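Okay, so here's the structure we're looking at.
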Amino acid sequence: MQRLDLHFYQKYDTLTLAKELLGCELVHESPEGRTAGIIVETEAYLTGDPACHAYRKKTARNAAMFGPAGSVYVYLIYGMYHCVNIVSAEEGRGEAVLIRALEPTEGIGLMQQRRAEKKGVASTTFTVRELCNGPAKLVRAMGITLADHNAGSLLDGANLYITSPKQTDFEVVTTTRIGITQGAELPYRFYIGGSRFVSKK
DNA sequence: GATAGGATCTTCT
DNA sequence: GAAGATCCTATCC
């Protein structure tokens, strides 16, 4: 599979990119091993959208969201969990695609270890379906961290990247976004119809 | 299976 | 002081 290049991230507006990323594979080559999963659920956050972290001013927390297309925005949510976004649009604009769920394809044992380590339970606790069916869960399972990946890149030699689509034969379902109150009516969430790995139906 | 409440930190009012 | 792009646990069917 081919690593997606700068052209791919620049080619689409953020809403289109959120849909185009479905079926692509997110890969992390860490010192502990390689983990990967097919992106099955995304949400778009746009300029002028009150739910977007870049809606107000640039702060230390959201600075990475203003980076160039193909870079990574990781943030702390609810003081406890992390979520990962793919920055889109041109540098300085502040738009991104939140990755909400993956279908695990590689390094499932390592994903189970990472999830179990956090909770202090046996690694056999988690079924494959439960490993990455939520934005903070997949960040944990993939070993993505604020220190290593926030404001980093998916391009060139980066250890985190996305491949060209592994699946294309599916229906894209569009709904409103999960867990927000501002902009709650906007239809900016997309997922692969029929997937067992999405966070919610 | 469904629902309610808690954990814990950054940002904004 | 309150809310937030979440997840986990307890408790109740």
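In this text, all values refer to a predicted model and were calculated from it rather than measured experimentally.
Ala51(A) approaches Ile180(A) most closely through the heavy-atom pair CB-CD1, 3.9 Å. The nearest pair of heavy atoms linking His149(A) to Gly143(A) is CE1-O, 3.8 Å.
Here the CG-SG distance, from Leu186(A) to Cys52(A), works out to 11.5 Å after rounding to the nearest 0.5 Å. With values rounded to the nearest 0.5 angstrom, Leu46(A) atom CG is found 5.5 Å from Thr14(A) atom OG1. Leu76(A) CG to Leu146(A) CG: the interatomic distance, rounded to the nearest 0.5 Å, is 7.5 Å. Atom CD1 of Ile39(A) is separated from atom OG of Ser195(A) by 12.5 Å, given to the nearest 0.5 angstrom. Taking OG1 of Thr125(A) as the start and CD of Gln112(A) as the end, the distance is 9.0 Å to the nearest 0.5 Å.
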- Task: Give the C-alpha distance, both sets of side-chain angles, the deciding distance and a yes or no for side-chain hydrogen bond (donor to acceptor under 3.5 Å, both in side chains) between Glu95(A) and Ser88(A).
- Result: CA-CA 6 Å; Glu95(A) 299 196 351; Ser88(A) 56; 4.6 Å; no
- Run the side-chain contact (heavy atoms from CB on, under 4.5 Å) check on Leu102(A) and Ile38(A) step by step: do they pass? CA-CA 5 Å; Leu102(A) 302 176; Ile38(A) 295 176; over 6 Å; no
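Sorted by first and then second residue, the ring pair (Phe, Tyr, Trp, His ring centres under 6.0 Å) pairs involving residues 99-121 of chain A (not counting sequence neighbours) form an empty list.
Of the residues in residues 36-51 of chain A, Tyr45(A), Ala51(A) come within less than 4.0 Å of DNA chain C through at least one heavy atom, sorted by number. Contacts between residues 131-150 of chain A and DNA chain C, defined by a heavy-atom separation below 4.0 Å, involve Gly134(A), Pro135(A), Ala136(A), Lys137(A), listed by number. Near DNA chain C, meaning a heavy atom under 4.0 Å from it, residues 8-24 of chain A has no residue at all. Within residues 178-201 of chain A, no residue places a heavy atom under 4.0 Å from DNA chain B.
OP1 or OP2 of dC8(C) sits under 4.0 Å from a side-chain N or O of Arg115(A). The phosphate of dG4(C) (OP1 or OP2) has no side-chain N or O of Arg56(A) nearer than 4.0 angstrom.
For Leu98(A) and dG4(C), the CG to C1' distance is 14 Å, given to the nearest whole Å. For the pair Arg61(A) CZ and dG4(C) P, the interatomic distance rounds to 12 Å; values are reported in whole Å. Rounded to whole Å, atom C1' of dC12(B) lies 9 Å from atom NZ of Lys57(A).
Applying the salt bridge (charged side-chain N to carboxylate O under 4.0 Å, His left out) criterion to Arg189(A), with sequence neighbours excluded, gives Glu41(A). Listed by chain and residue number, nothing satisfies the ring pair (Phe, Tyr, Trp, His ring centres under 6.0 Å) test with Phe197(A) (two or more places apart in sequence, or in another chain). With sequence neighbours excluded, the residues that form a side-chain contact (heavy atoms from CB on, under 4.5 Å) with Ala116(A) are Val121(A), Ser123(A), Phe126(A).
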Between the protein and nucleotides 1-9 of chain B, which nitrogen or oxygen pairs are less than 3.5 angstrom apart?
from, atom 1, to, atom 2, distance (Å)
dT8(B), O2, Tyr78(A), O, 2.6

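Within 6.0 Å of NZ in Lys11(A) there are more than 12 heavy atoms belonging to other residues, nucleotides or ligands.
dT3(B) and dA5(C): their P atoms are spaced 22 Å apart (whole Å). Here, dG5(B) and dA3(C) have their C1' atoms 16 Å apart, quoted to the whole Å.
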Please report, to 0.1 Å, the donor-acceptor pairs under 3.5 Å made by any side chain of residues 128-136 of chain A, with sequence neighbours excluded.
from, atom 1, to, atom 2, distance (Å)
Glu130(A), OE1, Thr127(A), N, 3.0
Glu130(A), OE1, Thr127(A), OG1, 3.2
Asn133(A), OD1, Lys137(A), NZ, 3.0

Side chains of residues 161-173 of chain A: which donor-acceptor pairs under 3.5 Å do they make with residues two or more places apart or in other chains?
from, atom 1, to, atom 2, distance (Å)
Tyr161(A), OH, Glu29(A), OE2, 3.0
Tyr161(A), OH, Arg34(A), NH1, 3.4
Thr163(A), OG1, Glu25(A), N, 3.3

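Stem analysis of DNA chain B (Watson-Crick or G-U pairs, both distances under 3.5 Å, runs of at least three) returns B:1-7 with C:6-12, B:9-12 with C:1-4.
Side-chain atoms of Ser30(A) and Arg114(A) include a donor-acceptor pair closer than 3.5 Å.
A cation-pi arrangement is found for Arg177(A) relative to Tyr45(A), the charged atom lying closer than 6.0 Å to the ring centre and inside a 45° cone about the ring normal.
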